[in-house]
Amino acid sequence: VEIFRRNGHMPRTRQAMDAGISPRTLYEMRDRGMLMALDRGLFRLADAPPLEQPDLVQVALGIPGGVICLISALAFHNMTTQIPHQVYVALPHEAEKPRLSYSPIRLFWLSGEVYSSGIEIHEFDRVPVRIYSREKTVADCFKFRNKIGLDVAREALREALRQGCRVEELLEYARIDRVENVMKPFLEALT
């Protein structure tokens, strides 16, 4: 139990084994109600305080290379009225499809600078969660407007400007995502 408390109440199975807990002990603790199995290889102390952002934390632990994106990132940044029913996750093109059984996820494979730019790290319950910045998220919404809807992208742009995002940064990420010509007319109409 102390090992779990030192590791944020939910180390991965490998971390627990490295700390000297056998898999058999983990399953005994689960069977006694001391642990909850959150996902494959992920346990949490049953008496731990509730998670601040349970879906984001679980995705961050289950998909180490993933970055929270699109509607999930908009919701995190308070830039949408949409309620994400899935966790939207960006992965590098060469990544394997993750096997996460608990959280419903929607995956987007990105390459090069489109994947790597604009990543911020936020910490929830002592777990680092990678999330795209507000400006990068707006550009991504225009890039994936056919999948999430142009109305969502317009709302995100309007809210980004209201929150004080810099136009130069928005255009820089639009250039990286190759949607500058798509986004510019909407930006001009709002400024």
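- Qualifying side-chain hydrogen bond (donor to acceptor under 3.5 Å, both in side chains) partners for S116, counting only residues two or more places apart in sequence or in other chains: none.
- Between the side chain of Q163 and the main chain of N78, a donor-acceptor pair closer than 3.5 Å is present.
- Counting heavy-atom neighbours within 6.0 Å of R30 CZ, excluding the residue itself, gives a total above 12.
- Counting only residues at least two apart or on different chains, no salt bridge (charged side-chain N to carboxylate O under 4.0 Å, His left out) pair has a member in residues 73-97.
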N/O donor to acceptor pairs below 3.5 angstrom from side-chain atoms of residues 138-147, sequence neighbours left out:
unit_1, atom_1, unit_2, atom_2, d
D140, OD1, K136, NZ, 2.6
D140, OD2, K136, NZ, 3.1
K143, NZ, D177, O, 3.4
R145, NH1, F142, O, 2.6

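- Just one residue in the list D55, I71, L74 forms a side chain to side chain contact (heavy atoms under 4.5 Å, CB included) with P84, and that residue is I71.
- With sequence neighbours excluded, the residues forming a side-chain hydrogen bond (donor to acceptor under 3.5 Å, both in side chains) with E180 are R175, listed by chain and number.
- Y115 and A90 get closest at one heavy-atom pair: CE1-O, 3.9 Å.
- For A95, the side-chain contact (heavy atoms from CB on, under 4.5 Å) test picks out L91, P92, W109, with sequence neighbours left out.
- Scanning all heavy atoms of the two residues, the minimum distance from I176 to E113 falls at CD1-OE2, 3.6 Å.
- Pairs of residues two or more places apart, or lying in two chains, that qualify as salt bridge (charged side-chain N to carboxylate O under 4.0 Å, His left out) and include a residue from residues 149-165 are E159-R162.
- Within the structure, the ring pair (Phe, Tyr, Trp, His ring centres under 6.0 Å) test picks out the following pairs touching residues 45-76 (sequence neighbours left out): F76-H122, F76-F124.
- Of all non-hydrogen atoms in T137 and A73, the two that sit nearest each other are OG1-CB, 3.5 Å.
- Under the rule for a side-chain hydrogen bond (donor to acceptor under 3.5 Å, both in side chains), the partners of R24 that lie at least two apart in sequence or sit in another chain are E28.
- Taking each heavy atom of L26 and L35 in turn, the nearest pair found is O-CD1, 3.7 Å.
- Taking the side-chain contact (heavy atoms from CB on, under 4.5 Å) definition, one finds that P23 meets it with M17, Y27, sequence neighbours left out.
- Across Q86 and S72, no two heavy atoms sit closer than the pair O-OG, 3.3 Å.
- Under the salt bridge (Lys or Arg N to Asp or Glu O under 4.0 Å) criterion, R166 pairs with E168, E169, not counting sequence neighbours.
- Y132 meets the ring pair (Phe, Tyr, Trp, His ring centres under 6.0 Å) test with no other residue; sequence neighbours excluded.
- Tracing side-chain contacts under 4.5 Å through hydrophobic residues (I, L, V, M, F, W, Y), one reaches M183 starting from V114; they form part of the same cluster.
- Across all their heavy atoms, A160 and M79 have their closest contact at CB-CE, 3.5 Å.
- Taken from CD in E2 to CG in L45, the straight-line distance is 9.5 Å, to the nearest 0.5 Å.
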